[in-house]
Amino acid sequence: MKIFDTHAHYYDGRFADEGIDVDLLLSSLFDTQIEGIVNVATNTENARTVIEMAKRHKGMYTALGIHPSDVSPDADIDSEIEKLRFMLTDKESKAVALGEIGLDYYWQPYDADLQKKYFDRQLTLSEELGLPAVVHIRDSHGDSFDMIASHPKAFGIIHSYSGSAEMAREYIKRGWYISFSGTVTFKNAARVASVAESLPHDRVLVETDAPYLAPHPMRGKTNHSGNLVYTVGKLAELWNIPYDEAVKITTENAKRVFALD
Ligand SMILES: [Zn+2]
């Protein structure tokens with residue numbers, strides 16, 4: 001079995017800036033180490049690019065949603081939600097999740113009320129459609145948890161997890177999965193590693209968040225799904241199991257949450 005990258009942004013301008021031919025890169029990744037990739041949109045504009053890219057690669061799926069840092073007071077929330085609903089229910093879009101959505105109180109300036117409005121509406125949509133949500137949480141652990149707890153039928157993935165072990169267990173109890181990015185391998189992130197170590201293996205996923213968050217020893221470089229060997233390797237080490245077993249567990253988990261085969 002090969003590795004499943006549950007979260008990447010292959011349309012990001014950083015690939016072109018580095019002179020990387022993304023389609024060529026993806027073809028070689030699918031030929032060698034990678035079983036599947038979810039290409040994640042951050043607004044209704046790049047969602048179109050995300051979908052076009054997924055059509056060109058059999059193993060690529062999409063997550064479509066409006067990121068907290070992409071919400072705008074000038075947009076009409078009702079029409080944005082309807083655009084999303086249309087794309088998510090179109091079979092051609094290869095959508096397996098609604099995302100990424102959430103709350104980000106790190107990037108300044110931000111409008112917490114507007115972010116919450118979009119988060120709430122999109123969680124409701126994910127409940128209606130029965131699709132998993134992909135949630136981004138930055139400097140907003142309390143508010144994000146409260147919002148998710150107020151949507152008991154919602155389920156999905158807390159992406160690039162950075163919270164506490166206690167909170168992770170609360171999400172798991174509510175049917176959510178916890179996804180770890182390259183940060184779990186960082187030398188100065190022992191806390192993230194200890195959270196990963198403590199969780200039930202059947203609720204853990206891996207992701208790149210490519211082109212960002214490359215794992216050690218590739219930290220700082222342009223990230224791609226092939227670097228997941230380091231992330232999965234770290235989980236295998238933390239769980240004290242063979243590497244191949246960590247690949248199998250995390251890929252099976254990904255297929256379960258995205259309802260693939
Ligand atoms: Zn992301």
Side-chain angles (χ1 to χ4, degrees), residues 3-18 20 22 25-26 29 34 36-51 53-54 60-71 84 87-88 93-107 110 115 118-119 122-123 126 131-141 144 148 156-163 171 176-186 189 192 204-215 218-228 231 250 254 257-258:
I3 303 173
F4 201 112
D5 187 352
T6 63
H7 191 118
H9 303 278
Y10 275 106
Y11 54 89
D12 193 281
R14 181 162 166 184
F15 291 106
D17 293 347
E18 304 264 327
I20 295 167
V22 176
L25 169 65
L26 288 169
L29 288 167
I34 301 301
I37 298 172
V38 177
N39 200 23
V40 181
T42 61
N43 57 55
T44 52
E45 283 302 307
N46 60 30
R48 295 171 204 286
T49 316
V50 161
I51 293 167
M53 200 166 250
M60 183 173 256
Y61 304 92
T62 68
L64 310 174
I66 303 161
H67 188 286
S69 301
D70 283 27
V71 302
L84 263 188
M87 290 191 277
L88 286 164
S93 72
K94 297 176 78 177
V96 293
L98 196 161
E100 62 184 283
I101 62 177
L103 300 174
D104 190 315
Y105 299 167
Y106 174 79
W107 294 106
Y110 63 87
Q115 289 192 10
Y118 271 88
F119 193 16
Q122 292 182 98
L123 281 173
S126 80
L131 274 176
V134 176
V135 174
H136 168 104
I137 297 172
R138 194 157 186 201
D139 292 353
S140 61
H141 289 288
S144 295
I148 286 171
I157 300 165
I158 310 298
H159 116 84
S160 192
Y161 192 71
S162 63
Y171 285 123
W176 290 73
Y177 287 69
I178 305 295
S179 179
F180 291 97
S181 67
T183 56
V184 75
T185 68
F186 292 175
V192 180
V204 172
L205 303 167
V206 290
E207 65 168 84
T208 52
D209 207 18
Y212 307 102
L213 302 181
M218 311 305 271
R219 192 169 180 178
K221 299 209 168 102
T222 300
N223 199 9
H224 62 77
S225 308
N227 289 329
L228 280 178
T231 311
T250 51
V257 70
F258 295 126

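Just so you know, ligand 1 is whichever comes first in the structure, and atom 1 is the first atom listed for that ligand. Below, each value reflects all heavy atoms present in this structure, side chains not excepted, and no hydrogens, waters or symmetry copies. FYI, the numbering just counts along the sequence from 1. All figures in this text were calculated on a predicted structure; none of them were measured in a lab.
For Tyr105, the ring pair (Phe, Tyr, Trp, His ring centres under 6.0 Å) criterion is met by Tyr110, not counting sequence neighbours.
One finds the CH2 atom of Trp107 at 6.0 Å from the CZ atom of Arg138 (value rounded to the nearest 0.5 Å). We find the OH-CG distance between Tyr10 and Asp5 to be 6.0 Å, quoted to the nearest 0.5 Å. Within the model, atoms CG of Leu26 and CE of Met60 stand 4.5 Å from one another, a figure rounded to the nearest 0.5 Å.
Taking distances strictly below 2.8 Å, the protein N/O/S atoms close to the Zn ion (ligand 1) are His7 NE2, His9 NE2, Glu100 OE2, Asp209 OD1.
Taking every heavy atom of both residues into account, Ile20 and Leu25 meet most closely at CG2-CD2, 4.0 Å.
For the pair Tyr61 and Phe4, the minimum side-chain heavy-atom distance is below 4.5 Å.
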